Amino acid sequence: MAQAAGAQAARPNVLLITTDQQSMHALGANGNPHLETPAMDSIAADGVSFTESYCTYPVCSPARSSVMTGLMPHETGVMRNGEAIADGIPNLGEHFRAHGYETFYAGKWHLPGGFGEPAGFERLIGGHTLGAHMDEPLATKCVEFMHGGPAEPFLLVASFMNPHDVCHWIRGHEGSRDYDSVARFPAAPGNMWRDPDEPEYMQHHRYGNFNRMSNSLHISKEWRADDFRHYVHDYYRMCEDVDRQIGRVLSALRFRGLAENTVIALTSDHGEGLGAHRWTQKAAFWEETAKVPLIIAGRGVERRAVVDSDALASGVDILPTLCDYAGVPAPSRVTGRTLRPAIRGEAFDRRFVVSELSDLGFPGREGRMVRTERYKYVAFNGGERPEQFFDLDLDPGEVSNLAGDPGARARLERHRGLLREWTDRTRDEFRIPAGAA
């Protein structure tokens, strides 16, 4: 019994920090000079940052369901905001609790409802609708938890809201504005050009005004470049706001001597359009909306201050990776993979990752994204223009759709094949339109 107790004490704590709507590049450690995020940067300095990291669905609840289960949204049954994970699928808290961990959750849950009760976790604090009201008390509860001398090993999820407040910011800034000085604003995105022949699914959001996401596009459709610059500037301030609260949690972790025995993961549920392609908010497969920070650091992480720009990572990888570092067997059913080989600097053989979208005011319409080492393929299951295909090496801003280019036909067909392989393997009912195939 004493030997078993010693083994239990040797297992690392796990701290999972999530933000809401933070793009990959909205982080100082990722080379952005327009904001300061010292707390999140300190996590990057203590581990490995994946810069080819994609959410499984660029909307809150479905993406969160993947982080919590290691499964894709079509597998969890969460294809829209506020839906519950299907019965019989253990979430992160339930799985770690079943393997001897005390498990705690603070902040936004969204599975189901806005802030419901997370099964498998002891709730430290619930959430509010705005990060401005939620993130500080959330951090305070986490600090109190650390100073309370928690039994080890523990799993703590600190689920912050910002920079999601930009969703509310835009609804208070309709129309174009004049500015006395724009020197404090970042430059306008270099890829603000909008393709007039983009898929109908996307145009439906641009020109509709039927839900909150499409409403933001409706508000910004007449904006000038300086309006987008204002938007991005204030968004970065929200990133700095949440960083300050994350810093408080990390300081308490270190002050209480818990950091040396804690593996830390930092990610976000999805990104933010930030005016690229004149797109604001989420629900699109652009790099700005689909790529998110993903950092693994702390106890057991074999390398420090490393940026991995090769491995294709996904939100489904977080649960199996944390299981690996915690010495917990992964659930019997996971679609994700442990990232530990890539973290060690070993070969990580993955050909592609996938992201999903379902109808948001467009009944029956769904989309899928396939991201390979060089290319991005996007398909929707309807419309006369259902596909996009980008060469990200030559066109990182995604302004030249090669789906209709005869010279790209072989590469396009290869990516269609990868999507078919994926849908067959994961029992995904999505189908590419016959005309495209």
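Everything quoted here is computed from the prediction, not taken from an experiment. No hydrogens, no waters, no symmetry mates; every other heavy atom, side chains included, goes into these values.
Under the 3.5 Å distance criterion, the side-chain polar atoms of Tyr105 are matched with a main-chain donor or acceptor of Lys108. Between the side chain of Thr56 and the main chain of Met72, no donor-acceptor pair closer than 3.5 Å is present. Of the possible polar contacts, none joining the Asp428 side chain to the Trp422 backbone as a donor-acceptor pair under 3.5 Å is found. Side chain of Asp269 to backbone of Ala63: no donor-acceptor contact under 3.5 angstrom is found. Judged purely by atom type and a 3.5 angstrom limit, Asp135 uses its side chain to pair as donor or acceptor with the backbone of Met161. Between the Asn30 side chain and the His25 main chain, no donor and acceptor come within less than 3.5 Å of each other. Of the possible donor and acceptor atoms, one in the side chain of Asn13 sits under 3.5 Å from a partner among the backbone N and O of Phe154. Looking only at distances, no side-chain donor or acceptor of Asp308 sits under 3.5 Å from a matching main-chain atom of Phe50. Looking only at distances, a side-chain donor or acceptor of Arg229 sits under 3.5 Å from a matching main-chain atom of Pro186. Checked by atom type and distance alone, the side chain of Asp317 never pairs as donor or acceptor with a backbone atom of Gly336 at under 3.5 Å.
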Stepwise side chain to side chain contact (heavy atoms under 4.5 Å, CB included) check, Arg80 with Ser358
CA-CA 7 Å; Arg80 296 168 188 80; Ser358 188; 3.7 Å; yes

Any chance you could lay out the ring-ring contact (aromatic ring centres under 6.0 Å, His included) test for Phe352 and Tyr377, step after step, and finish with the verdict?
CA-CA 10 Å; Phe352 62 94; Tyr377 171 61; over 10 Å; no

Which is it for Arg411 and His415 under the side-chain hydrogen bond (donor to acceptor under 3.5 Å, both in side chains) test, yes or no, and what are the steps along the way?
CA-CA 6 Å; Arg411 287 167 287 163; His415 284 74; over 6 Å; no

As a quick check of understanding, evaluate salt bridge (Lys or Arg N to Asp or Glu O under 4.0 Å) for Glu421 and Arg414, giving each step before the final call.
CA-CA 10 Å; Glu421 172 191 325; Arg414 171 177 167 259; over 6 Å; no

Derivation of the side chain to side chain contact (heavy atoms under 4.5 Å, CB included) call for Cys167 and Gln281
CA-CA 7 Å; Cys167 294; Gln281 310 291 286; 2.7 Å; yes

Check the pair Ser268 / Thr19 against side-chain hydrogen bond (donor to acceptor under 3.5 Å, both in side chains), numbers first and verdict last.
CA-CA 5 Å; Ser268 195; Thr19 60; 3.0 Å; yes

After noting the C-alpha distance and the side-chain angles of Leu419 and Phe430, does the key distance pass the side chain to side chain contact (heavy atoms under 4.5 Å, CB included) rule?
CA-CA 9 Å; Leu419 181 55; Phe430 177 85; 3.8 Å; yes

Checking side chain to side chain contact (heavy atoms under 4.5 Å, CB included) for the pair Leu339/Leu294: CA distance, chi angles, key distance, verdict?
CA-CA 11 Å; Leu339 294 168; Leu294 176 56; 3.7 Å; yes

Would you sort out whether Glu198 and Arg385 count as a salt bridge (Lys or Arg N to Asp or Glu O under 4.0 Å), showing the intermediate values?
CA-CA 7 Å; Glu198 67 189 358; Arg385 302 178 302 279; over 6 Å; no

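Of all non-hydrogen atoms in Leu392 and Glu398, the two that sit nearest each other are CD2-CG, 3.6 Å. A pairwise comparison of heavy atoms in Arg350 and Leu312 identifies NH1-O, 2.8 Å as the closest pair. Taking each heavy atom of Pro386 and Gly382 in turn, the nearest pair found is CB-O, 3.7 Å. The two residues Leu250 and Ser42 have their closest heavy-atom pair at CD1-OG, 3.7 Å. In plain terms, the two heavy atoms of Leu319 and Met68 that are nearest each other are CD1-O, 3.3 Å. Here the shortest heavy-atom pairing between Trp109 and Arg64 reads O-CD, 3.8 Å.
Side-chain contact between His110 and Asp20: absent, with no pair of heavy atoms (C-beta onward) separated by less than 4.5 Å. Taking 4.5 Å as the limit, every side-chain heavy atom of Ile264 sits out of range of all side-chain heavy atoms of Asp46. Phe285 places a side-chain heavy atom less than 4.5 Å from the side chain of Ser355. Here the side chains of Thr338 and Cys323 are not in contact, with every heavy-atom distance at 4.5 Å or above. Residues Leu357 and Pro58 are in side-chain contact: their nearest non-hydrogen atoms beyond the backbone lie under 4.5 Å apart. Counting heavy atoms from C-beta on, the side chains of Arg299 and Glu260 never come closer than 4.5 Å. In this structure the side chain of Asp195 never reaches within 4.5 angstrom of the side chain of Met202, judged on heavy atoms. Side-chain contact between Lys221 and Arg194: absent, with no pair of heavy atoms (C-beta onward) separated by less than 4.5 Å.
For the residue pair Gln203 / Arg206, no side-chain donor-acceptor distance below 3.5 Å is found, with atom types taken as modelled. Side chains of Glu288 and Asn191: a donor-acceptor N/O pair is present below 3.5 angstrom, by distance only. In this model, a donor atom of one side chain and an acceptor atom of the other lie less than 3.5 Å apart for Arg248 and Thr140. Using a 3.5 Å distance cut-off with no hydrogens or angles, the side chains of Gln22 and Tyr235 do not pair a donor with an acceptor. Side-chain atoms of His233 and Arg237 form a donor-acceptor pair, as typed in the model, at a separation below 3.5 Å. Between Ser159 and Thr18, the side chains place a donor N or O and an acceptor N or O closer than 3.5 Å (distance only, hydrogens not considered). Neither side chain, Gln388 nor Asn401, offers a donor N or O lying under 3.5 Å from an acceptor on the other.
When each of Leu71, Ile85, Ile89 is paired with Ser65, the side chain to side chain contact (heavy atoms under 4.5 Å, CB included) condition holds for Ile85 and for no other.
Under a cut-off of 6.0 angstrom, the local environment of CD in Glu346 is crowded, with over 12 non-hydrogen atoms contributed by other residues, nucleotides or ligands. With a 6.0 Å radius and a threshold of 12 heavy atoms from other residues, nucleotides or ligands, Arg427 has its CZ atom at or below the threshold. Sparse packing is recorded around CG of Asp349, with 12 or fewer heavy atoms of other residues, nucleotides or ligands lying under 6.0 Å away. Shown here is Glu144, whose CD atom has more than 12 heavy atoms of other residues, nucleotides or ligands within 6.0 Å. For Glu302, the CD atom sits in a packed shell: over 12 heavy atoms of surrounding residues, nucleotides or ligands are nearer than 6.0 Å.
In this structure, Arg340 satisfies the cation-pi test against Tyr325, with its NZ or CZ atom closer than 6.0 Å to the six-membered ring centre and inside 45 degrees of the ring normal. Remark: Arg416 fails to qualify as a cation-pi partner of Phe389 under the 6.0 Å distance and 45° angle criteria applied to the six-membered ring.
No salt bridge links Glu429 with Arg431; every basic N to acidic carboxylate O contact stays at or beyond 4.0 Å. Checked for salt-bridge contact, Arg11 and Glu152 miss the test: no charged N lies under 4.0 Å from a carboxylate O. Taking 4.0 Å as the cut-off between side-chain N and carboxylate O, Glu287 and Lys376 count as a salt-bridged pair.
Ring geometry for His173 against His230 counts as perpendicular: the plane angle is over 60°, on a 0 to 90° scale with 30° as the lower cut. Ring geometry for Phe380 versus Tyr201: interplanar angle under 30°, hence parallel rather than tilted (30 to 60°).
Here CD1 of Ile318 is found 10.5 Å from OG1 of Thr69. Values are rounded to the nearest 0.5 Å. Remark: Trp286 CH2 to Ser23 OG distance equals 14.0 Å, nearest 0.5 Å.
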